[in-house]
There are 2 protein chains.
Amino acid sequence: MGRSAMTFPAHGERPLSRKEGKAVTRTRLLDAALAILDDEGEAGLTTTSVTRRAGIAQSSFYVHFADMDDLVHALIDELTVRRLRQVREVRRQARTVPYDADALRATFRVPIQHAVEHPQIFRLLVRSRYDRSTALGEWSRAALEEDRRALVEDLHRAGMPRRTAAQRRRAAMVADGLAGLVEALVLGHLEGRYADVDEMIDVLMAFSTGYFPMLTDSPSAVEAIASAWKQLRASRR
Amino acid sequence: MGRSAMTFPAHGERPLSRKEGKAVTRTRLLDAALAILDDEGEAGLTTTSVTRRAGIAQSSFYVHFADMDDLVHALIDELTVRRLRQVREVRRQARTVPYDADALRATFRVPIQHAVEHPQIFRLLVRSRYDRSTALGEWSRAALEEDRRALVEDLHRAGMPRRTAAQRRRAAMVADGLAGLVEALVLGHLEGRYADVDEMIDVLMAFSTGYFPMLTDSPSAVEAIASAWKQLRASRR
DNA sequence: TGCCGCGCCGATAGGAGTATCGCCAACTCG
DNA sequence: CGAGTTGGCGATACTCCTATCGGCGCGGCA
């Protein structure tokens, strides 16, 4: 065997070409970076730690990336591509079926499944929004803002009024609230507290009935909330 | 003036005693640490950056703390004391009045006000939960778990059934959901999207009506959700 | 009033990380 | 088949951070 300490993953019969080998190493560096961000946060992300986890020498880092910023931007590009695929599926789900219980359940299920399948990406997204001075922080805030904007459009399309600034702000709050609900339960799942995704969606559906009255700009919105309280009081006698 | 580069804040007429001066410096170091965690995250937290922001020499750090871990634990102790005061107020609010609309609004308002008054602490709490390998991560997860446990107790006391593991899990999901709702809207406020706390609480109240049927372990819980859908469909014809 | 304690300081040694340099071996292509 | 390319490597210079050392000046106390 040559000088290299690298061991490639199983790759069929023939050895990798130079280009293929380089691409594999680059992918290992990106995967290593994502894993370290998940395990140790930005403080642990160094060329030394990334290359060690990727299984190459520290100086080999600079064959693939100009510096650490370059790696982080490459990671962001890759995460953005993956999220665009996910968001496209969520958008399709939200658009192609009428607004009923099954449709709403499906619009909850898609992001939950993505988060469950890619927990490192999910955690990086939700934790990075607090980073003030990093490219990851900017990426996360932009992604979450785009999610909110799209969800607000869904709510308006479903009937939530949008004529005044207060109405649009109300819709944005509902969108933020829905995202906060999903995030909280997904974290519960990832932290091992809730195993059953359908049970999670049941609770999300229950919370969601709370904003239904807002889907019509009518007195019934106020009446529905009053009615909910009345029913609660009645059921407790 | 003596050798020290320090400038004390205004402190009435008389100069500080030695003990007072030492306490002031220690407080400046803790405040500087919290500010740096907020601005730059754990990666920016070094003895050099903390002492520079506190306005003392780097080597003076070791007069007050054994090392950086010592400072972080001292910060955690201080944040824990402050949160105990806050949690006590929330507990009092949740206990001393009957379960009605005004009481529920108040139980939302207290944590929102604390977060709005202490945004750095709020952001540190919610961001640190993702830290796997830090004392701040452990502190945050413990604090949020305690919040969830107390909120679950509130829900059970308000009537949510607790006989089976599924019922307790359902209550925990509702508690997590409520926390997720509050956090999402508080972040919206801190990020400048929502200025009016009462408007935020209106939306929280609306979402909350969604879990009301769960407060009784009766067929009406299922009927209420079905009724909500029926009302939605009726209002859209 | 004088000595001691101590909070602050600058200088510094050692460690960790970044980025570069020069070399090697193997792949690629004409 | 041979020259050129290049991905990987070890060594290293430089920077930044941690932690210690010794000194200074001033507050505190007997």
Side-chain angles (χ1 to χ4, degrees), chain A residues 1-9 11 13-30 32-33 36-37 40-74 133-135, chain B residues 1-9 11 13-30 32-33 36-37 40-74 133-135:
Chain A
M1 153 138 352
R3 243 162 118 251
S4 172
M6 285 176 56
T7 53
F8 289 111
H11 201 270
E13 296 296 318
R14 66 172 184 78
L16 292 173
S17 74
R18 258 297 177 79
K19 278 185 189 299
E20 286 168 337
K22 180 168 186 177
V24 165
T25 302
R26 188 173 187 279
T27 296
R28 288 165 76 113
L29 288 167
L30 290 165
I36 288 169
L37 284 167
E40 304 173 52
E42 285 253 343
L45 195 72
T46 68
T47 58
T48 306
S49 63
V50 171
T51 51
R52 183 180 294 132
R53 189 176 289 226
I56 63 171
Q58 184 262 335
S59 51
S60 300
F61 180 93
Y62 296 93
V63 167
H64 302 274
F65 301 102
D67 52 26
M68 184 56 74
D69 270 0
D70 195 18
L71 168 63
V72 169
H73 280 95
S133 51
T134 68
Chain B
M1 154 147 341
R3 247 166 114 252
S4 171
M6 287 175 55
T7 54
F8 290 112
H11 202 271
E13 296 294 320
R14 65 171 185 78
L16 293 172
S17 76
R18 257 299 177 79
K19 277 187 189 302
E20 287 169 337
K22 180 168 187 177
V24 164
T25 301
R26 188 173 187 279
T27 297
R28 288 165 76 113
L29 289 166
L30 289 165
I36 288 169
L37 284 166
E40 303 172 52
E42 285 253 342
L45 195 71
T46 68
T47 58
T48 306
S49 63
V50 170
T51 51
R52 184 181 293 132
R53 188 175 290 225
I56 63 172
Q58 183 264 335
S59 52
S60 300
F61 179 92
Y62 296 93
V63 168
H64 302 274
F65 300 102
D67 51 26
M68 185 56 74
D69 270 1
D70 196 19
L71 167 63
V72 169
H73 281 95
S133 52
T134 68

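Being a predicted model, the structure only gives us computed values, none of them experimental. Naming: A, B, ... by sequence-line order, numbering from 1 per chain.
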Within the sub-3.5 Å range, which N or O atoms of nucleotides 17-20 of chain C have a protein N or O partner, and how far apart are they?
from, atom 1, to, atom 2, distance (Å)
C:dT18, OP1, A:T47, N, 3.3
C:dT18, OP2, A:T47, N, 2.7
C:dT18, OP2, A:T47, OG1, 2.3
C:dT18, OP2, A:T48, N, 3.3
C:dA19, OP2, A:Y62, OH, 3.2
C:dA19, N7, A:Q58, NE2, 3.2
C:dA19, N6, A:Q58, OE1, 3.1

Taken to the nearest whole Å, CG/B:D70 to P/D:dA19 is 11 Å

CD (A:E40) and CD (B:E42) are apart, to the nearest 0.5 Å, by 11.5 Å

Just the table, please: protein N/O against nucleotides 28-30 of chain C N/O, every pair under 3.5 Å.
from, atom 1, to, atom 2, distance (Å)
C:dT28, OP1, A:R18, N, 3.0

Closest non-hydrogen contact found for A:A32 with A:A54 is CB-N, 4.1 Å

Residue pairs passing the salt bridge (Lys or Arg N to Asp or Glu O under 4.0 Å) test with at least one member in residues 48-71 of chain A, sequence neighbours excluded, are A:D39-A:R53

Protein-nucleic acid N or O pairs under 3.5 Å, nucleotides 13-16 of chain C:
none

Side-chain donor-acceptor pairs of residues 43-50 of chain A under 3.5 Å, sequence neighbours excluded:
from, atom 1, to, atom 2, distance (Å)
A:T46, OG1, A:T48, N, 3.4
A:T46, OG1, A:S49, N, 2.9
A:T46, OG1, A:S49, OG, 3.1
A:T47, OG1, A:Q58, NE2, 3.2
A:S49, OG, A:G44, O, 2.7
A:S49, OG, A:T46, N, 3.0
A:S49, OG, A:T46, O, 3.0

Separation of C:dG7 atom P from B:E20 atom CD, nearest Å, is 14 Å

Are any of A:S60's side-chain N or O atoms less than 4.0 Å away from OP1 or OP2 of D:dG7?
-> no

Residues at least two apart in sequence or cross-chain that pass side chain to side chain donor-acceptor pair (under 3.5 Å) with B:T134, listed by chain then number, are B:D131

In whole angstroms, the gap separating P of D:dG10 from CD1 of A:I56 amounts to 11 Å

Double-helix bend of the helix from C:dT1-D:dA30 to C:dG30-D:dC1, axes at both ends from 5 pairs, round to 10°, gives 10°

side-chain contact (heavy atoms from CB on, under 4.5 Å) filter on A:A57, not counting sequence neighbours, yields A:S59, A:S60

d(B:F65 CZ, B:T51 OG1) to nearest 0.5 Å is 12.0 Å

The side chain to side chain donor-acceptor pair (under 3.5 Å) partners of A:R18 (sequence neighbours excluded) come to none

Applying side chain to side chain donor-acceptor pair (under 3.5 Å) to B:R26 and not counting sequence neighbours gives none

